[in-house]
Amino acid sequence: QVQVVESGGGLVQPGGSLRLSCVASENVFSRYYMRWYRQTPGNEREWVATITSGGGTDYADSVKGRFAISKDNAKNTVYLQMNSLKPEDKAVYYCKAWGGYWGQGTQVTVSS
């Protein structure tokens with residue numbers, strides 16, 4: 001059975017930081033890539049960042065230079081370090097494992 005579980009969301013002021021975590025089952029974590037997406041009400045899910053099995057990374061233009069994706073292979077965990085957060089970063093953030101496995105999402109709210 002595949003499990004993908006996100007955590008780390010919360011309320012933060014503009015300019016602040018949060019780190020999201022995503023733990024995935026070994027059988028998907030080590031395959032090809034892990035991705036972060038986000039979604040706001042009424043909108044489609046938006047890709048945010050990718051990390052490949054080899055450690056290569058890629059980012060959406062909207063977060064480039066502010067967010068950083070990383071992983072800990074020993075813990076089957078992918079992280080999304082979010083800095084300089086803006087109100088428009090408010091969304092439910094989802095982790096996606098290769099093979100189309102999604103987590104349940106974690107809410108990020110950026111507000112003063």
Side-chain angles (χ1 to χ4, degrees):
Q1 184 177 358
V2 175
Q3 288 191 321
V4 180
V5 181
E6 304 97 333
S7 62
L11 172 64
V12 63
Q13 292 186 343
S17 298
L18 276 177
R19 189 178 79 159
L20 306 183
S21 300
C22 170
V23 181
S25 303
E26 168 63 26
N27 57 342
V28 293
F29 177 84
S30 59
R31 304 291 297 275
Y32 298 113
Y33 64 76
M34 295 286 292
R35 289 176 171 159
W36 285 99
Y37 289 76
R38 64 186 182 186
Q39 188 172 26
T40 54
N43 294 306
E44 293 188 355
R45 208 163 283 189
E46 171 193 26
W47 168 72
V48 174
T50 297
I51 188 163
T52 68
S53 57
T57 60
D58 196 12
Y59 300 92
D61 287 344
S62 58
V63 307
K64 201 169 292 184
R66 299 188 298 121
F67 290 11
I69 189 170
S70 62
K71 61 177 181 169
D72 185 334
N73 291 331
K75 297 181 179 179
N76 289 354
T77 300
V78 175
Y79 303 100
L80 186 68
Q81 178 66 43
M82 305 186 296
N83 300 324
S84 302
L85 281 161
K86 305 175 182 180
E88 52 263 42
D89 294 318
K90 175 184 176 180
V92 179
Y93 283 72
Y94 296 90
C95 183
K96 180 184 177 184
W98 180 84
Y101 299 97
W102 294 91
Q104 81 290 349
T106 185
Q107 176 72 51
V108 172
T109 301
V110 184
S111 175
S112 55

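FYI, side chains are in, hydrogens and waters are out, and symmetry mates aren't considered; it's all heavy atoms of this structure.
- Annotation for Arg38 and Ala91: closest pair CB-CB, 3.8 Å, computed over non-hydrogen atoms.
- Going from atom CE of Met34 over to atom OG1 of Thr50 covers 10.5 Å, rounded to the nearest 0.5 Å.
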- Evaluation steps, side chain to side chain contact (heavy atoms under 4.5 Å, CB included), between Ser17 and Val12: CA-CA 7 Å; Ser17 298; Val12 63; 6.0 Å; no

- Query: Please walk me through it: do Ser7 and Thr106 pass side chain to side chain contact (heavy atoms under 4.5 Å, CB included)?
  - Reply: CA-CA 6 Å; Ser7 62; Thr106 185; 5.7 Å; no

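- Of the candidates Gln81, Met82, Lys75, Tyr79 forms a side-chain contact (heavy atoms from CB on, under 4.5 Å) with just one, namely Lys75.
- Interatomic distance, Asn73 CG to Glu26 CD, rounded to the nearest 0.5 Å: 8.5 Å.
- For the pair Gln104 (side chain) and Val5 (backbone), a donor-acceptor distance under 3.5 Å is absent.
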- Message: Working note: Thr57 + Phe67, criterion side chain to side chain contact (heavy atoms under 4.5 Å, CB included); need CA distance, chi angles, decisive distance, verdict.
- Response: CA-CA 11 Å; Thr57 60; Phe67 290 11; over 6 Å; no

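- Between Ser25 and Asn76, the shortest heavy-atom distance links the atoms C-ND2, 4.2 Å.
- Nearest heavy-atom pair across Ser111 and Pro14 is C-CD, 3.6 Å.
- Counting heavy-atom neighbours within 6.0 Å of Tyr101 OH, excluding the residue itself, gives a total of 12 or less.
- Closest of all the heavy-atom pairs between Val48 and Val63 is O-CG2, 3.7 Å.
- Distance check: Leu85 CG to Arg66 CZ gives 6.5 Å after rounding to the nearest 0.5 Å.
- Contact detail for Ile69 and Tyr59: the closest heavy-atom pair is N-OH, 2.9 Å.
- In this structure, the side chain of Lys90 does not engage the main chain of Gln107 through any donor-acceptor pair within 3.5 Å.
- Geometric assessment of Arg35 against the ring of Tyr37 yields a negative cation-pi assignment under the 6.0 Å and 45° thresholds.
- Taking CG of Leu80 as the start and OH of Tyr93 as the end, the distance is 7.5 Å to the nearest 0.5 Å.
- Side-chain atoms of Lys96 never come within 3.5 Å of backbone atoms of Tyr33 as a donor-acceptor pair (strictly under, hydrogens ignored).
- In the displayed structure, Glu88 atom CD is contacted under 6.0 Å by more than 12 heavy atoms of other residues, nucleotides or ligands.
- Ring-plane geometry between Trp102 and Tyr94 is classed as perpendicular, the angle between the planes exceeding 60 degrees on a 0 to 90 degree scale with a lower cut at 30.
- Here the CG atom belonging to Asn83 is positioned 9.5 Å from the CG atom belonging to Leu18, to the nearest 0.5 angstrom.
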- Check the pair Lys86 / Asp89 against salt bridge (Lys or Arg N to Asp or Glu O under 4.0 Å), numbers first and verdict last. CA-CA 5 Å; Lys86 305 175 182 180; Asp89 294 318; over 6 Å; no

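- The two residues Glu46 and Ser62 have their closest heavy-atom pair at OE2-OG, 3.8 Å.
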